[in-house]
There are 2 protein chains.
Amino acid sequence: MEYACLALIELAGCYQDAEPLQIRQIAAQQHIPDRYLEQLLATLRRGGLVRSQRGAKGGYVLAQDPWQVSLLDVFHCLEGGEVGSSQDDRTGQQTAERSVMREIWQEAETAMCTVLERQTLQDLVDRCNACRQADLMYYI
Amino acid sequence: MEYACLALIELAGCYQDAEPLQIRQIAAQQHIPDRYLEQLLATLRRGGLVRSQRGAKGGYVLAQDPWQVSLLDVFHCLEGGEVGSSQDDRTGQQTAERSVMREIWQEAETAMCTVLERQTLQDLVDRCNACRQADLMYYI
DNA sequence: ACAAACCCCACCGGAAAACCGGAGTATACC
DNA sequence: GGTATACTCCGGTTTTCCGGTGGGGTTTGT
């Protein structure tokens, strides 16, 4: 979840370099176990968020421009495709209370999604830079 | 999480009866395993949301009026008290990316909470009744 | 050919949620 | 008081998810 976003931020930061970033580099930069990150990037690739270049000098590149990818896209990609469709339907227990609860949960989730929707990878990169700037100010 | 809310809705619906509701009844009504519901209600009791009456003819009653309890209260009660304090802090890896990600997550959570905050138990009961009415309409 | 990189599948371990079971203990009612 | 009711506390089991690891295989540039 979080690791995938960190990797994407890293990729977005080097987007204009046109050089693929390797798993090892991202993992070292963000202090993430590389073997695990590999799986996450595979998921992101299957979701069409990144493209991979195999072989020597290979690596990963963002499939789209950083300002076209929202955090919501990342979430939908990671959450297995179907999120709120975890219906049991066992014996068809559809009490009024249950459906109302689902409604509320849906509303809450939607509220969360709208927040994530208006945060693109570019925004995150910018915020990171601003954050680092502030850190430097602290030193002076 | 969800089960606790269902139970509270049930309790809110019988609030004016001044008769305590038993676990068995709630469990049967909402198709929840009763032994599990027992634990949830114990948590809600410790959180001050419900009161329990022991012995024969005992059961549970809402501790406050249904319109004074929001879903957010329920959540805070169930989420163990401390929610956002799950920081690892292992080796102090506080990269700019990580703190930015935490910020976003916080924002998303806040958005969800504000939705939950303006839904009281009374609202849910009303919505349930409206839902059932609509179901009856369907029959005609 | 060879090494650097991605690719795939399967497993492990811990944490949390969901779910029982049993031994108490308080209360109502006779 | 005695008994039945029904909550209370404590522990154990199963399931699920996430982070993490291992051991292969396949593609690609030099």
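Letters A, B, ... mirror the listed sequences (proteins, then strands); counts begin at 1.
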> Whole-Å distance between D:dT5 P and B:Glu19 CD?
Replying inline: 18 Å
> Counting just side-chain N and O atoms, does A:Arg35 come under 4.0 Å of either OP1 or OP2 of D:dG24?
Replying inline: no
> Quick one: B:Leu44 CG to D:dT8 P, roughly how many Å, whole number?
Replying inline: 12 Å
> When the distance from NZ of B:Lys57 to P of D:dA6 is rounded to whole Å, what number comes out?
Replying inline: 9 Å
>> OP1 or OP2 of D:dC18 versus the side-chain N and O atoms of A:Tyr3: is any pair under 4.0 Å?
In response: no
> Does the side chain of B:Met101 come within less than 4.5 Å of B:Arg98's, by heavy atoms?
Replying inline: no
> Would B:Arg118 and A:Glu107 satisfy salt bridge (charged side-chain N to carboxylate O under 4.0 Å, His left out), going step by step from the backbone distance to the final call?
Replying inline: CA-CA 12 Å; B:Arg118 62 166 158 271; A:Glu107 283 178 39; over 6 Å; no
>> Using the side-chain heavy atoms of A:Glu38, tell me which of these nucleotides is nearest: D:dT8, C:dC8, C:dC20.
In response: C:dC8
> What do the steps show when you test A:Arg102 against A:Glu109 for salt bridge (charged side-chain N to carboxylate O under 4.0 Å, His left out), and what is the final call?
Replying inline: CA-CA 10 Å; A:Arg102 292 235 181 258; A:Glu109 191 172 289; over 6 Å; no
> Relative to the 5' end of DNA chain D, which residue comes earlier, A:Gly55 or B:Tyr60, by the nucleotide with the nearest heavy atom?
Replying inline: B:Tyr60
> Is the shortest heavy-atom distance from the side chain of B:Val61 to the side chain of B:Leu11 under 4.5 Å?
Replying inline: no
> Given atom CE of A:Met1 and atom P of D:dG19, what is their separation to the nearest angstrom?
Replying inline: 7 Å
>> Nearest heavy atom decides the nucleotide; on that basis, is B:Tyr36 or A:Leu41 closer to the 5' end of DNA chain C?
In response: A:Leu41
>> Nearest to the side chain of A:Arg54, heavy atoms from C-beta on, is which of C:dA5, C:dC7, C:dC19?
In response: C:dC7
>> What's the closest nucleotide to the side chain of A:Arg46 if the choices are C:dA28, C:dC8, D:dG29?
In response: C:dC8
> Charged N to carboxylate O below 4.0 Å: is that the case for B:Arg132 and A:Glu97?
Replying inline: yes
> Taking atom C1' of D:dG19 as reference, at what distance in whole Å does atom NE2 of A:His31 sit?
Replying inline: 17 Å
> So what does B:Gln22 hit on the nucleic acid, given a heavy-atom distance under 4.0 Å: a base, only sugar-phosphate, or nothing?
Replying inline: sugar-phosphate
> Do any N or O atoms from the side chain of A:Asn129 and from the backbone of A:Asp126 form a donor-acceptor pair under 3.5 angstrom?
Replying inline: no
> When we call it a touch if two heavy atoms are under 4.0 Å apart, what does B:Arg51 touch: a base, just sugar-phosphate, or nothing?
Replying inline: nothing
>> The side chain of A:Ser52 is closest to which nucleotide in this list: C:dC7, D:dC7, C:dA18?
In response: C:dC7
> Reckon B:Arg45 has a side-chain N or O less than 4.0 Å from the OP1 or OP2 of D:dT8?
Replying inline: yes
> Please give, in whole Å, the distance from D:dC9 P to B:Leu37 CG?
Replying inline: 15 Å
> When the distance from CD of B:Gln39 to C1' of C:dA16 is rounded to whole Å, what number comes out?
Replying inline: 13 Å
> Pick the nucleotide of DNA chain D nearest each of B:Gln53 and A:Gln53; which residue has the one closer to the 5' end?
Replying inline: B:Gln53
>> Heavy atoms only, 4.0 Å cut-off, all strands: where does A:Ile23 land among base, sugar-phosphate and nothing?
In response: sugar-phosphate
> Between A:Leu40 (CG) and C:dC6 (C1'), how many Å, whole number?
Replying inline: 15 Å
